[in-house]
Amino acid sequence: MPLPHRVKIVEVAPRDGLQNEKAFIDTAIKVELVDRLAAAGFQNVEAASFVSPRWVPQMADGAEVMARITRRPGTLYSALTPNLKGFEAARAAGVDEVVIFSAASEAFAQKNINCSIAESIARFEPVAQAAREAGIRLRGSISCALGCPYQGEVPASAAVDVARRFLALGCDEIDVADTIGVATPAKVRAVMDAVTQSVDPARIAAHFHDTYGQAVANIVAALETGITIVHSSVAGLGGCPYARGATGNVATEDVLYLLRGLDIDTGVDLDAVVDTGQWISAHLDRKSASRAGNALAAKRAA
Ligand SMILES: CC(C)(COP(=O)([O-])OP(=O)([O-])OC[C@H]1O[C@@H](n2cnc3c(N)ncnc32)[C@H](O)[C@@H]1OP(=O)([O-])[O-])[C@@H](O)C(=O)NCCC(=O)NCCSC(=O)C[C@@](C)(O)CC(=O)[O-]
């Protein structure tokens with residue numbers, strides 16, 4: 001399939017990027033991160049999580065983050081909601097899109113959300129209904145769709161099965177996630193081809209981590225199967241607390257540099273993202289994991 005002319009990037013750093021940080025990050029920094037990313041032109045920013053604070057303490061201030069950000073018209077602010085309690089909190093906070101999340105691997109579902117895949121779907125039914133009634137967009141995320149830290153290989157049919165269940169729940173968008181960043185382009189093609197037999201590719205997002213340095217190649221493979229939504233995290237921040245050995249999401253700067261080279265429009269200002277990547281990395285006292293971000297910042301400094 002020819003490459004698309006336009007791709008939507010969902011910037012996930014404020015949620016997926018920060019959730020695994022050990023030291024609690026000031027709410028003011030989270031707010032500034034969301035605001036800088038929205039100002040850079042992202043249509044969709046994953047801003048918070050309304051999960052159990054005992055499970056993911058870093059995300060405990062989601063309501064405050066949502067209350068303090070400056071809403072940019074045209075930006076959709078999303079948050080994770082594992083159950084009705086999370087949904088009610090997200091709705092009260094004014095979230096535009098709620099994200100339910102399960103897995104293509106039973107072992108990972110147990111570790112991440114403390115239930116089986118089937119139980120998770122049953123738990124999401126009232127969330128989906130409440131979202132529909134409230135007119136809030138619904139997204140479903142399938143972890144370990146391309147490999148699992150506990151189970152190893154995951155058959156494409158497992159991702160297809162969860163994607164169909166999410167579609168039946170009324171999800172507007174469905175993320176196919178390489179939670180631990182183990183996939184290579186052949187696996188991406190196989191899984192995306194299988195999932196898009198059942199779900200319109202326009203509703204599928206590629207959510208890739210970069211543990212093995214394959215994420216940029218995997219994104220090209222996904223785009224070649226008709227996918228036009230890509231998730232990424234500024235400075236490559238991220239990692240899942242329940243995915244041993246997983247590094248961050250693919251860096252947004254690397255994705256923007258790739259797409260610019262392919263003449264694919266995103267509507268996002270790469271320079272502003274490079275600045276944000278350098279700013280948040282300095283705040284976290286580490287070097288950015290984005291090779292394009294570091295190269296562009298160094299070039300500018302020279
Ligand atoms: C699903 C549960 C809640 C089950 O956790 P549980 O312990 O089985 O649930 P529970 O219903 O027995 O509740 C336990 C306690 O949590 C509270 N609680 C319950 N729900 C909420 C809520 N929404 N907000 C606030 N508090 C909540 C509840 O009130 C209770 O408090 P207590 O009475 O003991 O004081 C838990 O396992 C959980 O929160 N898991 C979230 C884990 C998580 O956030 N993981 C990272 C995000 S997923 C990810 O990163 C992957 C993704 C999406 O990026 C894609 C990819 O790359 O794979």
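Ligands are counted one by one from 1 in listed order, and the atoms in each one are counted from 1 as well.
A donor-acceptor pair is defined here as one N or O able to donate and one able to accept, closer than 3.5 Å; no such pair exists between the side chain of Thr266 and the backbone of Val7. Using a distance-only test at 3.5 Å, with no hydrogens or angles considered, no donor-acceptor pair links the side chain of Asp254 to the main chain of Val216. In this structure, the side chain of Glu224 does not engage the main chain of Ala222 through any donor-acceptor pair within 3.5 Å. Side-chain atoms of Gln58 come within 3.5 Å of backbone atoms of Ala23 as a donor-acceptor pair (strictly under, hydrogens ignored). A side-chain donor-acceptor contact under 3.5 Å links Thr247 to the backbone of Thr211.
Near Asn114, with a cut-off below 4.0 Å to any heavy atom, the atoms of ligand 1 are 6 (P), 7 (O), 8 (O). The contact set between ligand 1 and Ser143, taken as ligand atoms under 4.0 Å from a residue heavy atom, comprises 51 (C), 55 (C), 56 (C), 58 (O). Close approach of ligand 1 to Ala177 is summarised as follows: ligand atoms under 4.0 Å from at least one heavy atom of the residue are 55 (C), 56 (C), 57 (O), 58 (O). Proximity to His209 (heavy-atom distance under 4.0 Å) selects the following atoms of ligand 1: 57 (O).
Between Phe87 and Ile100 there is no side-chain heavy-atom pair separated by less than 4.5 Å. Side-chain contact between Pro14 and Lys30 is absent, with no heavy-atom pair separated by less than 4.5 Å. Here the side chains of Asn249 and Asp210 are not in contact, with every heavy-atom distance at 4.5 Å or above.
For atom 28 (C) of ligand 1, the closest non-hydrogen atom of the protein is Lys85 NZ, 4.3 Å. With hydrogens left out, the protein atom closest to atom 1 (C) of ligand 1 is Arg123 NH1, 3.5 Å, a heavy atom. For atom 57 (O) of ligand 1, the closest heavy atom belonging to the protein is His207 NE2, 3.0 Å. Nearest non-hydrogen protein atom to atom 7 (O) of ligand 1 is Trp55 NE1, 3.4 Å.
Considering both main-chain and side-chain atoms, Phe50 comes within under 3.5 Å of ligand 1 through a nitrogen or oxygen pair. The distance criterion of under 3.5 Å between nitrogen or oxygen atoms is met by Arg54 with respect to ligand 1. Ligand 1 has no N or O atom lying under 3.5 Å from any N or O atom of Pro53, backbone or side chain. Residue Gly86 places at least one N or O, backbone or side chain, under 3.5 Å from an N or O of ligand 1.
With a 4.0 Å heavy-atom cut-off, ligand 1 is reached by the backbone of Asn112 and by its side chain too. Only the side chain of Pro82 comes within 4.0 Å of ligand 1, counting heavy atoms alone; its backbone N, CA, C and O stay farther away. With a heavy-atom cut-off of 4.0 Å, Asn83 touches ligand 1 through its side chain alone. Counting heavy atoms closer than 4.0 Å to ligand 1, residue Val56 contributes side-chain atoms (C-beta onward) but none from N, CA, C or O. At a heavy-atom distance under 4.0 Å, only side-chain atoms of Asp16, from C-beta outward, approach ligand 1. Neither the backbone nor the side chain of Glu46 comes within contact range of ligand 1; no heavy atom lies under 4.0 Å. Neither the backbone nor the side chain of Lys111 has any atom closer than 4.0 Å to an atom of ligand 1 (non-hydrogen atoms only). Proximity of Ser52 to ligand 1, defined as any heavy-atom pair under 4.0 Å, is shared by backbone and side chain alike. Residue Gln19 touches ligand 1 through its side chain alone, judged by heavy-atom distances below 4.0 Å.
A donor-acceptor pair shorter than 3.5 Å can be found between the side chains of Arg164 and Ser198.
Atom 13 (O) of ligand 1 lies below 4.0 Å from none of the non-hydrogen atoms of the protein. Atom 44 (O) of ligand 1 is approached by the protein to below 4.0 angstrom, counting heavy atoms only. Distance screen at 4.0 Å: atom 5 (O) of ligand 1 has a protein heavy-atom neighbour inside the cut-off. Protein heavy atoms are found less than 4.0 angstrom from atom 40 (N) of ligand 1. Contact annotation for atom 10 (P) of ligand 1: protein absent (non-hydrogen atoms, distance under 4.0 Å). Within a 4.0 Å radius of atom 20 (N) of ligand 1, the protein has at least one heavy atom.
Cation-pi geometry between Lys85 and Phe50 is not met: the NZ or CZ atom fails to fall both under 6.0 Å from the ring centre and inside 45° of the normal. Taking the ring axis of Phe208 as reference, the NZ or CZ atom of Lys187 does not stay both within 45° of it and closer than 6.0 Å to the ring centre.
The pair Glu133-Arg91 does not meet the salt-bridge criterion, since no charged nitrogen lies less than 4.0 angstrom from a carboxylate oxygen. For Arg123 and Glu119, the salt-bridge test fails: no basic side-chain N is under 4.0 Å from an acidic carboxylate O. Contact check on Asp271 versus Arg300 returns a salt bridge, with a Lys/Arg side-chain nitrogen under 4.0 Å from an Asp/Glu carboxylate oxygen.
Using cut-offs of 30° and 60° on the angle between ring planes, the pair His231 and His207 is perpendicular.
Between Glu64 and the choices Ile69, Val31, Thr27, the side chain to side chain contact (heavy atoms under 4.5 Å, CB included) rule is met once, by Thr27.
At least one heavy atom of Arg15 sits closer than 4.0 Å to an atom of ligand 1.
More than 12 heavy atoms of other residues, nucleotides or ligands lie within 6.0 Å of CZ in Phe101, so this atom counts as buried by the packing criterion.
The nearest non-hydrogen atom to atom 25 (C) of ligand 1, considering only Val51, Val12, Asn249, Ile113, comes from Val51.
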